[in-house]
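Hydrogens, waters and symmetry mates play no part in the numbers below; they use all other heavy atoms, side chains included. We name chains A, B, ... by the order of the sequence lines, and we start the count at 1 in each one.
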There are 2 protein chains.
Amino acid sequence: MQTLTIGKVAKQAGVGIDTVRFYEREGLLPEARRAESGYRLYSLDDVDRLRFIRRAKTLGFSLEEIAELLRLNAAEGSRSDVKHLAQRRLADLDRKLGELTAIRDALATLVRRCSGQGSLKGCPIIEGVLAQDTPSYREH
Amino acid sequence: MQTLTIGKVAKQAGVGIDTVRFYEREGLLPEARRAESGYRLYSLDDVDRLRFIRRAKTLGFSLEEIAELLRLNAAEGSRSDVKHLAQRRLADLDRKLGELTAIRDALATLVRRCSGQGSLKGCPIIEGVLAQDTPSYREH
DNA sequence: TTTGACTCTGCACTATGGTGCAGGGTGGAG
DNA sequence: CTCCACCCTGCACCATAGTGCAGAGTCAAA
């Protein structure tokens, strides 16, 4: 089995050296084996693990959730655990997409209304931001 | 003109007291007038300004961008400046929406494929994360 | 006058996901 | 043997948008 130093494992996985140490500190990677010199030693499995982390991150999982996924994997967790986690993530994404879309549409409307000419007095974008409904802060 | 202390202006605008001081430090609010006691004094214009910030934030503008918007406003900027800023924001939103949608679809596909039953060996979600294309990190 | 609510400054801390650096030790090529 | 690249630890710091707190001073009602 190939043994890699931290620089190699980081390069193979496409992350920074400090990131590898950071993941170890955060419990996303097990504590590395050490050479007599104190150098951390890695295997190709660790490259896979790092890549898993990288890819899960691009799917929007937080490091916390990735740690959970990795624990499930190590503990021979069940498919239903993983599916639940993924479904929660999916629901988060859908909620966030809904919010962002609403914001986008509101902003697009303002931009469409603004001629882009003249001074700021009466500019639909500025006025639009000013004119939004404000829930219940005028009371007291 | 009504004079408000920081607690009142914060409550009227629907933000925290510390947030008001924070915005002053960050240049989003001008330095407040002071009473002899040293208390900050505000007007209803400041309430409007704070609300403007709050609302712009819900549209996804960063504090930095809001500061720019407020500077434009103060400097009698032109409508085209504001429109450009808003269009940039809109383009950001569209890009982000595209990315999130792609991620959502990828995750939804994995979730659909996973029966939610059995051990993790061969779980489509875990495998799916493992199997994503990795751009050009194997080289070197 | 006393009490309680409010405000002041300055500083530390939160979460997230790392990055950078100082001051050392190690490994291998020339 | 020297040189450089690499690695170690521990710590501070980045952005973002605030929040919290200590210790002191102020304001207003009872």
Does [X] come within less than 4.0 Å of [Y], counting only side-chain N to carboxylate O?
| X | Y | result |
| --- | --- | --- |
| B:D92 | B:R95 | yes |
| B:E24 | B:R40 | yes |
| A:R88 | A:E65 | no |
| B:D46 | B:R49 | no |

Rounding to a whole Å, what distance do you find between [X]:[atom1] and [N]:[atom2]?
| X | N | atom1 | atom2 | value |
| --- | --- | --- | --- | --- |
| A:R21 | D:dT9 | CZ | P | 7 Å |
| B:E64 | D:dA17 | CD | C1' | 13 Å |
| A:E24 | D:dC8 | CD | C1' | 12 Å |
| A:R54 | C:dG18 | CZ | C1' | 15 Å |
| B:K57 | D:dA17 | NZ | C1' | 7 Å |
| B:Y39 | D:dA24 | OH | P | 16 Å |
| A:F22 | C:dA15 | CZ | C1' | 11 Å |
| A:K11 | D:dC6 | NZ | C1' | 12 Å |

A:D18 has its side chain closest, among D:dG20, D:dC7, C:dC21, to C:dC21
Per atom distances to the A:T19 side chain, the nearest of D:dG20, C:dT26, C:dG18 is C:dG18
Is the distance from OP1 or OP2 of [N] to the nearest side-chain N or O of [X] less than 4.0 Å?
| X | N | result |
| --- | --- | --- |
| B:T5 | C:dT7 | yes |
| B:Y23 | D:dG18 | yes |
| B:R34 | C:dT9 | yes |
| B:S37 | D:dC27 | yes |
| B:R40 | C:dT9 | yes |

Report yes if some heavy atom in the side chain of A:E68 is under 4.5 Å from a heavy atom in the side chain of A:L85; otherwise report no. yes
Note: for B:G16 and A:I6 on DNA chain D, the residue whose nearest nucleotide lies more 5' is A:I6
Contacts of B:G7 and A:A35 projected onto DNA chain C by closest heavy atom; the upstream (5') one is B:G7
